[in-house]
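Each remark here refers to the structure printed beneath this line.
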There are 2 protein chains.
Amino acid sequence: MTPPKRPIEACAASQLAELAAQSRRVTSYDVALVAGVSQSAVSRCFKPGASVSKSTFARVMKAAALLDYVPNAAARSLITRRTNMVAVLITNRANLYYPELLSELSQQLTPHGKRVLLFPLSGEAEAARVLGDLWQFQVDGVIAAAHLPATAVAEFRRHRVPLVVFNRLLDDPAVHTVSCDHRAAGRMLAARLAAAGHRHFGIITGSKDSVVAVARQQGVAEQLAELGLPAPLVVTGEFDYHSGASGLKTLIARHGGIPDAIICASDVLAIGCLDCARHELGIDVPGQLSVAGLDAVEPSNWLSYNLTTLRQPMAGMAAAAAQQVCQLIERPDLGATRQLFEAQFIEGATARLLPAGAAMGQPFSLAPALAIM
Amino acid sequence: MTPPKRPIEACAASQLAELAAQSRRVTSYDVALVAGVSQSAVSRCFKPGASVSKSTFARVMKAAALLDYVPNAAARSLITRRTNMVAVLITNRANLYYPELLSELSQQLTPHGKRVLLFPLSGEAEAARVLGDLWQFQVDGVIAAAHLPATAVAEFRRHRVPLVVFNRLLDDPAVHTVSCDHRAAGRMLAARLAAAGHRHFGIITGSKDSVVAVARQQGVAEQLAELGLPAPLVVTGEFDYHSGASGLKTLIARHGGIPDAIICASDVLAIGCLDCARHELGIDVPGQLSVAGLDAVEPSNWLSYNLTTLRQPMAGMAAAAAQQVCQLIERPDLGATRQLFEAQFIEGATARLLPAGAAMGQPFSLAPALAIM
DNA sequence: TTGTACGCGTTATCAG
DNA sequence: CTGATAACGCGTACAA
């Protein structure tokens, strides 16, 4: 195959014509023909760090540009066994309440050359079908920010797909995990509120299949028990604004009055509770009632709310998950790690609190509940 | 290749051992060997609507299950020229303010057997690199909910990738589009406010590269001009809560007092403006000032705000975009369509308004501005 | 209905 | 540094 005497442009034009006639797509072979080199030379030009001479590289790139050639990822991954895709399993809830999660994950994966393939999970029943799809795509790794059926982890292992579980702690310790320590967060919040003298706690939570909410609730209950305080009243609804309001009313009815503090399993619940207390029931928050959320979504720090809550370091967690899955893709046999992030306490103004650091042995007017400690 | 006399399970076990030894992955050929059929028979079993006998189908499926076989999408798409992936180009802004967009798109594409491959765009500079990546993946189609560079549309055409542009109207009429009619929405809002007697308008908008915001602002300005009202004062900031507050202060300074109505280019801006007016400046809304948003994100209908705003029918728009791109994938030569959706007016309680329908010729105490009409 | 043979577009190996 | 050749795993005419 001697280099054609005709100028490369003319050569490209005739090649394009032939391509159109046969309705083929542009391949590395076409580029090779136009550039007057072998097909493997073209391939090498598109592989970073391959050994190609300056001059052939230039010819090939020019030909490629003329023909609008791009390497076909499907063909490439057939042989490299890399698709450069990472699957993200995500529930609609996570999608709605942590919009930054997906952006962060994508942003963090891009520099590694990976793209996000989205697998939304609405219900548990869907999981099986979705996983079936998942294997077909031969993704390099998976980040699961959704509830997985019990058998799923074993399946990932069988199919040898690296898995990083996000924001939930499975029983299986051999699973790579990046999560906020929701139980510790619940404990911290309960401790801060108890220290400020609250005795009677209510909890408003969303549907029970949220592992995150359950862990938080556990933390709260544990801490209260250890402090010798009465067990919290628990009301379960959905995770929406309306459930915060109805939860508050139910709690008041069940407790026979306004409890001291209400902890909500999400900020949206807390805001619903807060609005209902202030605007509907005329309750003074935090004078008569302390309300705390758990999430620190954006509206929680708006002036109208200024919610007492806990912030998950979402960006950092997403970055860690991305990092972790990429590492796992390079070295699949790495031992399982559990990265636990600490929630950050946001004081806000919807709960009565002692100044930070005042809880321990300060000469402060201690509330009755503290005397028990 | 006669069917082995050994039970299929034993056959599968030895095959698996061999696979592990060579660290190959399970292929249709392995399944064929275990099931005692040809490779193409296996292929047919995984193609819906192919002609396979009941008995071979059963044998193949059993063998496949024993080996954990799934067809390799990369290899398949090499032949079929379908990757079953749809790229979604999305800005971080859209990601944050319309979290339901991605869920809806995924949900709507799933029944068509398509999955979403995510391409987030932070800045315009990134677009070129992202597009380069995009072609490699050979996606079946693209939904663009981000600003595209002027040359991009031509590139899509050259690469023969079906494109649906979401929520922005390009000049090129030959581009398939699904969008809310933002200009009409702006006009409607301005008209309603003008009808209720507002004369002096302010606009708080986000950065200028949001086509959506620009279109809305145009609509407002046009309508006011047609009604013979003074041109609105415009303040540009970011799209966040804080910019709403600072925008309000700037507007008051520039107007030399409180304007009659402020229209914000997004609900978050409006809420920032509202909170600042009420909590910081002590302005009575809507008594002294009407505030309107443009988006109807979830917080806008919370009791503390109850914002006057316009809702985009996001779910419907997402469904239409998904539908459109799928249709285009089947028939790429379809003529360009522009689907325009109408925004829904949400009265709320942050703007003084006439009862709906009262604007035209009703015996109503007309405000001064209306006399001009 | 089933099997044979080939091609999809690339990367990897190896000899020159 | 370059080119021939062999995979990669599957779908699909075509013949049986």
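Below, chain A is the first sequence line, B the second, and so on; all start at residue 1. Because only heavy atoms are used, hydrogens play no part in the values below, and waters and symmetry mates are left out as well, while side chains stay in. Small disclaimer: the values here were computed from a predicted structure and weren't measured.
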* Asked: Taking only N and O in the side chain of A:Lys47, is any of them less than 4.0 Å away from OP1 or OP2 of C:dA12?
  -> yes
* Given C:dT1, D:dG11, C:dT13, the nucleotide with the shortest approach to the side chain of A:Arg44 -> C:dT13
* **Residue A:Ser43, side-chain heavy atoms: nucleotide from D:dC10, C:dT11, D:dG3 that is nearest** => C:dT11
* Structure fact -> The nucleotide from D:dT2, D:dC8, C:dT10 with an atom nearest the side chain of A:Val52 is D:dT2
* Structure fact -> Considering only heavy side-chain atoms of A:Val37, the closest of D:dG3, C:dC8, D:dT2 is D:dG3
* Asked: How would you label the contact of A:Arg25 with the nucleic acid (heavy atoms, under 4.0 Å): base, sugar-phosphate, or nothing?
  -> sugar-phosphate
* **For DNA chain D, the residues among residues 69-76 of chain B that have a non-hydrogen atom under 4.0 Å from it** => B:Tyr69, B:Val70, B:Pro71, B:Asn72, B:Ala75, B:Arg76
* Verify the contact: side-chain N or O of A:Arg81 to OP1 or OP2 of D:dG9, cut-off strictly under 4.0 Å; return yes or no. => yes
* To do: Check whether any side-chain nitrogen or oxygen of A:Thr27 sits under 4.0 Å from OP1 or OP2 of C:dG9, and answer yes or no.
  => no
* Asked: A:Ser77 near the nucleic acid: base, sugar-phosphate alone, or nothing, with a heavy-atom cut-off under 4.0 Å?
  -> nothing
* Structure fact -> Annotated structure of DNA chain D as dot-bracket, pair cut-off 3.5 Å, Watson-Crick or G-U only, | for inter-strand, is ||||||||||||||||
* Asked: Atom CD of A:Gln136 and atom P of D:dG11: how far apart are they, to the nearest Å?
  -> 9 Å
* For A:Ser40, answer base if it contacts any base atom (sugar-phosphate contacts may also be present), sugar-phosphate if it contacts only those atoms, and nothing otherwise; contact means non-hydrogen atoms under 4.0 Å. => base
* With A:Asp140, which of A:His112, A:Arg82, A:Lys114 fulfils side chain to side chain donor-acceptor pair (under 3.5 Å)? -> A:Lys114
